[in-house]
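Inspection log for the structure reproduced underneath, given as C-alpha cells.
Order of the sequence lines fixes the chain letters, A, B, ..., with proteins taken first and strands second; residue numbering starts at 1 for each chain.
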Amino acid sequence: MTSSTPSSVAPNPEGQASYNPTDVERKWQERWAASGLNSPDLRRAERAYYQLMMFPYPSAEGLHIGNVFAFTGNDIHGRFERLKGHTVFEPIGFDAFGIHSENYALKVGVHPMQLIPRNIENFRRQLRRVGLMTDWTHELSTTDPAYYKWTQWIFLQLLKRGLAYKKRAAVNWCPECKTVVANEQVINGECERHPGVKVEQRFLEQWFFRITAYAQRLLEDLDWIDWSESTKTAQRNWIGRSEGAEIVFEIGERREEKGETTSGKEVPSGRGGSSRLSPLSSPLSVFTTRPDTIFGATYLVLAPEHPLVPEVTTRERRAEVRAYADRAGKQDLVSRKVTEREKTGVFTGAYARNPATGTDIPIWVADYVLMEYGTGAIMAVPGHDERDFAFATAFGLPIVRVVAGEGQDANTPLAEAYVGDGRLVNSGQFDALGVEEGKQAIVSWLAERGAAKPVVNYRLHDWCISRQRYWGPPIPIIYCDACGAQPVPEQDLPVQLPFIEDFRPDDTGVSPLARHEEWYRVPCPKCGQMARRETDVSDTFLDSAWYFLRYPSTELDDRPFDAEITRRWLPVDSYIGGNEHAVLHLLYTRFITMVLHDMGLLDFEEPFKTFRAHGLIIHDGAKMSKSRGNVVNPDMYINQWGADAFRTYLMFLGPFEEGGDFRDRGISGVKRFLDRLWASVGEAELPERSEEPDPAVMRKLHQTIKKVGDDIGRLSYNTAIAAMMEYMNVLRAGERTARRAEVEPLVQLVSPFAPHIAEELWEQMGHEDSIFTSRWPEYDQGLVAAETIELVVQVNGKVRARIPLPADVGQEEAVAAAASDPAVAKFVTGTPKKVIFVPGRLVNIVV
RNA sequence: GCGAGAGUGGCGGAAUCGGUAGACGCGCUGGACUUAGGAUCCAGUGGGGAAACCCGUGGGGGUUCGAGUCCCCCCUUUCGCACCA
C-alpha cells in the first residue's frame, strides 16, 4: 500500500510559502489508482449518481484546453456529489471512429488502426494528469469490436422494428476527394478541401433511420426534461413543427384560353368557369401553413425533382422543363439553398384549378421549392410570402392582396409581400375574418369537398446513417440475389472491420471495402448462396448515440448492457457537454433511447435527467486556432503551475456555462491562493497555534460553506472560487494566522477544484482516509445570517449614509437612526413624503 | 433573413427576488522586508473634484420611492439555422 512508502513530498512545517505541485500530484494520482478509490462497485452501490461528460474524439493533437475545461467542470460536480454522500460513477471513453480520424490518417499516411491507439494512449496520459475522478476500469472506445458489435446490434433492432430502411438519396460529391462530403464541407458550391472544385450532386442508395416517426415525442419531452434552455430551443427549431394543411389541386391542360390569368395584374374573378381543364395527371397536393391566403394563390410551383413534373409538363414545354430540372439536379445541395439567389424557374404549360376561386392558375417548376419538405409542391401566394413575391415579380405573375393589416384595405397596393396579421379581403365569404379564424374556416370549407385536410409537418428529416467510407462499423447487412437484403444473424456479430492497406476512397462512390472481395463475399445467411456484404459503414453519431448505456456494463460480452445495473445507474444524473452537439448527437441519443425503451429494454425514454452546456474558451481575447498560433497546450501549463492551479484557474476565468478568456497571467492569482492555503494549514498545525477559533471568522466560514455549495450546485464555479478567496482574505487578514477549525473545512471546500493539494493537506492534518471519503461540511444556519448589517440610507433614491445596525432592526428604529445621521439630515428638510423600509437592507426617504 | 445569447473599470469578470454597481482575480501605484526580486507581506486603485459633492453598467425613451436588472425603439457583437412554404 502506498501509505507505507516514504513520501517524496516535503513536509509542511512553518507554513512554507509555496509547495511543489509536481510531487504532490504524482503521489496522489498513484494512490488513487492503487486504491481503486474512483471505481465504485456498480452492482452494490447505494445512492448511485452517474456523472457523465461527452466523450472526446482522440485527435492527434492531443487534449485540447476546451476538453480540460469541460472535463474539469464535470469532475468538480462529480466530486461534490460524492462529498454529499453519493456513490459517483464518472467514466471516460473515446469516440474514435469517423471521418475526422480517417481524414487525418489519410493526410499523414498512417493507418487509423495504428494511429488511433497511439492517440488514445496520449489522451489517457494527459487526462490522468488533470486529476479527474475517472473510473478507468470502465473505459471504452467506439472502435473496439466489443463495442461496435452492439452498435451493429442496435442497427438490427431498428431494422426489425421497421425503423431502418434503404432509399436513394442525393449526396454531395467532390470529384477531387472522390467521395461524399457533408453539407458543412461545401463552401460556395466548392469543396472545403479543394477550392475551385465544384461539388456535384449524386444519387446513392443509403440506409436511413426513421427518426421522423418520433418527431412529436422528441418535441413533447422537451417540455419537462431539465436541460439548458438554449439546447432545448435549438432542438425545437431543428424538429421544426409547423401546423397547416394539405390542399388538393386538379391539374390539366387548358383547352380554351378565355379569362386569361397569366398576364397582366387582373384579379382572378373567383368564377373562372369559362375554361376547361383536360386532366394530365392525378391531382396534386401542396402543403401550406397559410390556407387562409388561398384566394391569393395565383400559381403553383413544383420542385424540379417532383415525380409529377414529367406528367404535368405539356409537350411543347417538355424540352425546356427537362433542361431546367437537369441543371437544378446537378447543383450541389448547399448553394441550391442560398436565400439571396435570384429566383429561377420555368412554366410547365399546365394549369391547376384553385379550389377556392375556381380559377385556373399556371404551374411552374422552380428550385426554390424543395422536394424534401412538405409535398415538394406549393401554392404560391405572392401577396403574402416574400419568396413567392420575388418569383412573381421576376416572371410577371399576378399578385393579389388577401390580407389587410392595420390601415390597409383590399385595394392597398403591395410593394412587398405583407406577412403580418390582419383581416381577410378579396376572399369571398371569408372576408373580414382574422388570419387565424380564416385558416380554420377555409380548411373546413375545403375539407367538406375533400380538397383539404389539416396536416402537421416537421423540418426534421430521417437520419441518413450510411457512409461510403472505411473508418466505421460495417453495416450488418448481406445482399443475396435470391433473398434480397438480409440482416447478419445476431450471433455472427460483430462484422469486423478488416485491416486494409488501401483505405483511401476512390471515385466509384462506394466504400473502399467494396474493393475487397475476400471480405464482402459471404454466403447468404438464409439460403447459403454466395452473397455480398453491405460495404458502407455507419455514421459516427450512431456510435455515440448509446455509449452512456455501455459504460456501466463494459465487462459484459453477451449483451449491450445489463438490465439490473442499468436500473440502478440510469438515466444519467448529470450530463455535461458542448452546445455544438445541441441538435445532432443529443437528438439522436434521445431517439435511440426511445426506441430501446419501446422495445422494453429500458424503463426510461429520456437518457439524461439534466444536461448543461458548457461554454467555450478563447485565448487572449481570440478564438484558438493553429494559424493564429494561440492554441493552449495543457501539458505546458500543468508542468509550470500544476494541475490543481490549472484546473482552478480554468474554472475561475469565467462562468462555466459561458466560457471565458484564458490569459496566461491570470493563473498566478489562483496559484497564490493555493500557496496561501498550503501555508495556512502549515501554520495551523503548529502546536502553539491550536487556539480557539475566532467567532467572526467562523461566521464567515459558515457563510462560505453555504455559498460554495450553492454555487457548485448550479455550476457557478467562478463565484465559488471567489468566495473561497474572500474567506482566505479574512482568514489571513493583516498578520493573522489561521486556526485549525477555521482552515480544515476550507480544505474540503477546495477539494473538488484542487483535489491533489486537498488530499495532501488533509493527510497533513492527520486524516488517514481520502478526503473524498469525508462528508461535505454542514453550515450552521444561525451563523450564516449576518448579525449586524450596514443599513443603506437613501434620500430620493440616492445613497447618503451607511449605518451599522443589528440585522433584525425594525423600521422605526432604523428610520430614527437614519434621520439622526448628519449626512442624511442635510438632505431631509421638513417632513418626508414617504419612507420605504426594506428590512435588513435599506431605508429610502422621499422628500 | 430567422432563432438564441452578450454588451459593466486598463483587463477577466461579480451583483441569485427591482434595493450599497464594480465582489474575486489580473494589472497598476505606493510602502515593508531584502545583496537581489518576475518571491512574500501591507495599503490604495471606476471617472471628475481640494472638498462638499457630481457623473457613471452600448445609445435613446419609459415604468418605479428606487433600474445593470422590467417595458419600447435603436446600435454593436458572438453562436446556431439558413428558400422549410
Side-chain angles (χ1 to χ4, degrees), chain A residues 17-18 228-234 236-238 240 242 244 286-290 293 301 334 336-341 343 366-370 372-381 384-388 390-391 457-461 579-580 582-583 615-616 618 620-621 623 649 652-655 658-670 672-673 675-676 679 707 710-711 714 716 718-729 732-735 789-799 801-802 823 826 832-836 838 840-847:
Chain A
S18 70
S228 292
E229 221 33 66
S230 60
T231 311
K232 294 209 275 188
T233 305
R236 281 192 190 102
N237 293 341
W238 189 263
S242 9
V286 306
F287 174 71
T288 180
T289 54
R290 294 294 305 274
T293 62
V301 187
V334 175
R336 160 85 181 268
K337 297 186 181 180
V338 171
T339 327
E340 295 80 31
R341 239 173 83 241
K343 294 280 182 285
D367 66 2
Y368 81 96
V369 173
L370 308 173
E372 68 262 24
Y373 186 75
T375 62
I378 62 157
M379 63 173 210
V381 184
H384 305 283
D385 180 281
E386 283 162 18
R387 298 150 302 179
D388 297 343
F391 190 83
N457 252 307
Y458 300 91
R459 304 180 58 153
L460 183 69
H461 296 143
N579 229 354
E580 68 273 17
V583 282
L616 298 176
I618 57 173
D620 292 330
K623 210 173 181 170
Y649 176 60
F652 184 58
L653 56 72
E658 283 164 42
D661 192 2
F662 188 98
R663 292 184 181 255
D664 295 22
R665 280 210 278 216
I667 304 187
S668 59
V670 164
R672 217 168 349 245
F673 166 71
D675 284 339
R676 273 149 60 94
K707 167 110 179 111
D710 291 351
D711 283 357
R714 53 196 181 88
S716 184
N718 56 334
T719 54
I721 294 164
M724 292 188 285
M725 288 173 164
E726 210 180 315
Y727 177 59
M728 178 68 77
N729 290 341
R732 296 178 70 80
E735 301 286 328
I789 49 144
E790 281 210 320
L791 185 81
V792 172
V793 183
Q794 298 179 332
V795 180
N796 290 340
K798 287 195 170 178
V799 179
R802 299 185 173 94
K826 199 160 89 182
K833 279 191 203 136
K834 195 172 177 182
V835 175
I836 314 279
V838 183
R841 285 197 184 267
L842 63 68
V843 169
N844 187 11
I845 300 169
V846 186
V847 294

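Note on A:Arg802: a base of the nucleic acid sits closer than 4.0 angstrom, heavy atoms only. Within 4.0 Å (heavy atoms only), A:Val846 reaches sugar-phosphate atoms of the nucleic acid but no base atom. If you check every strand for non-hydrogen atoms under 4.0 Å, A:Asp710 touches nothing. Heavy atoms of A:Ile836 sit under 4.0 angstrom from at least one base atom. Here A:Lys623 lies in heavy-atom contact (under 4.0 Å) with sugar-phosphate atoms only. Using a 4.0 Å heavy-atom distance criterion, A:Asn844 is classed as a base contact. Using a 4.0 Å heavy-atom criterion, one finds that A:Lys833 contacts no nucleic acid atom at all. When heavy atoms are screened at a 4.0 angstrom cut-off, A:Ser242 is found touching the sugar-phosphate backbone but no base atom. The residue A:Asn457 sits apart from the nucleic acid: no heavy atom pair falls under 4.0 Å.
Atom C1' of nucleotide B:rC17 and atom CG of A:Leu842 are separated by 14 Å, given to the nearest angstrom. Put simply, CE on A:Met724 is 12 Å from P on B:rG25, counting in whole angstrom units. Whole-Å rounding puts the A:Glu580 CD to B:rA4 C1' distance at 16 Å. Residue A:Ile667 contributes atom CD1, which lies 12 Å from atom P of B:rG27 at whole-angstrom precision. The CG-P distance, from A:Asn237 to B:rC81, rounds to 11 Å in whole Å. The distance from atom CG of A:Asp620 to atom C1' of B:rC11 is 11 Å, rounded to the nearest whole Å. Remark: C1' of B:rG3 and NZ of A:Lys232 are 17 Å apart, rounded to the nearest angstrom. For the pair A:Arg676 CZ and B:rU40 P, the interatomic distance rounds to 10 Å; values are reported in whole Å.
Taking the C1' atom of each, B:rU57 and B:rU76 are spaced 16 Å apart, rounded to whole Å. The separation of B:rC24 from B:rC73, taken at their P atoms, amounts to 39 Å, rounded to a whole angstrom. Only the C1' atoms considered, B:rU20 is 42 Å distant from B:rC2, to the nearest whole Å. Across the C1' atoms, B:rG47 and B:rG1 are found 41 Å apart, a figure rounded to whole Å. Here the separation of B:rU34 from B:rG46, taken at their C1' atoms, is 35 Å to the nearest Å. Remark: the separation of the C1' atoms in B:rC11 and B:rG61 is 32 Å, to the nearest Å. Between the P atoms of B:rU63 and B:rU69, the separation comes to 15 Å (whole Å). With P as the reference atom, B:rA39 and B:rC28 are 10 Å apart, rounded to whole Å.
A distance-only check finds no donor-acceptor pair linking the side chain of A:Asn457 to the backbone of A:Ser242 [under 3.5 Å]. For the pair A:Tyr649 (side chain) and A:Arg663 (backbone), a donor-acceptor distance under 3.5 Å is present.
Counting only heavy atoms from C-beta on, A:Arg672 has its side chain closest to B:rC26 among B:rC26, B:rU16, B:rG66. Residue A:Glu726 places its side chain closer to B:rA23 than to any other of B:rA23, B:rC26, B:rG25. Nearest to the side chain of A:Ala722, among B:rG3, B:rA23, B:rC55, sits B:rA23. Considering only side-chain atoms of A:Leu653, the nucleotide from B:rA4, B:rG12, B:rC24 that sits closest is B:rG12. The side chain of A:Asp661 lies closest to B:rG12 when the candidates are B:rU20, B:rG27, B:rG12. Considering only the side chain of A:Arg663, B:rC11 comes nearest among B:rU16, B:rA85, B:rC11. Here the side chain of A:Arg459 is nearest to one of B:rA85, B:rC81, B:rU20, namely B:rC81. Closest to the side chain of A:Asn729, from the set B:rA15, B:rG25, B:rC26, is B:rG25. Among the nucleotides B:rU20, B:rC26, B:rC53, the one closest to the side chain of A:Val792 is B:rU20. The listed nucleotides are B:rG13, B:rA85, B:rU40; the one nearest the side chain of A:Pro655 is B:rG13.
Checking B:rA4 for Watson-Crick or G-U wobble geometry (two distances, each under 3.5 Å) identifies B:rU78 as its partner. Nucleotide B:rG68 has no partner under the Watson-Crick or G-U criteria, as no pair reaches both atom distances under 3.5 Å. When both distances must be under 3.5 Å, the Watson-Crick or G-U wobble mate of B:rU16 does not exist. For B:rC26, the paired nucleotide is B:rG10, the pair qualifying as Watson-Crick or G-U wobble because both relevant distances are below 3.5 Å. B:rG46 is paired with B:rC55 under the criterion used here, namely a Watson-Crick or G-U wobble arrangement in which both key atom distances are under 3.5 Å.
Look at B:rG61: its glycosidic torsion is beyond 90° from 0, and that puts it in the anti range. With a glycosidic angle more than 90° from 0, B:rC75 adopts the anti conformation.
Contact annotation: the side chain of A:Lys707 approaches that of A:Thr719 to within less than 4.5 Å [non-hydrogen atoms, C-beta and beyond]. Looking at A:Ser228 and A:Asn579, their side chains never come closer than 4.5 Å, going by heavy atoms from C-beta outward. Here the side chains of A:Val670 and A:Met725 are in contact, with some heavy-atom distance below 4.5 Å. A:Asp620 has its side chain out of reach of A:Arg665: every pair of non-hydrogen atoms, C-beta onward, lies at least 4.5 Å apart. Contact annotation: the side chain of A:Thr293 approaches that of A:Met379 to within less than 4.5 Å [non-hydrogen atoms, C-beta and beyond].
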Exercise for review: For side chain to side chain contact (heavy atoms under 4.5 Å, CB included), just list the numbers for A:Asp388 and A:Ile378, CA-CA rounded to whole Å, side-chain angles, deciding distance to a tenth of an Å, and then say yes or no.
Suggested key: CA-CA 10 Å; A:Asp388 297 343; A:Ile378 62 157; 3.6 Å; yes
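A cation-pi arrangement is present between A:Lys343 and A:Tyr368, with the terminal nitrogen or guanidinium carbon under 6.0 Å from the aromatic centre and inside a 45° cone about the axis.
Summary of the strand contacts: A:Lys834 and A:Lys798 both lie near RNA chain B, and taking for each the nucleotide with the nearest heavy atom, the more 5' one is attributed to A:Lys798. Both A:Thr233 and A:Tyr373 lie close to RNA chain B; mapped to their nearest nucleotides by heavy-atom distance, the more 5′-ward contact belongs to A:Thr233.
The phosphate of B:rC24 has neither OP1 nor OP2 within less than 4.0 Å of any side-chain N or O from A:Asn718. Look at A:Lys826 and you won't find any side-chain N or O under 4.0 angstrom from OP1 or OP2 of B:rA52.
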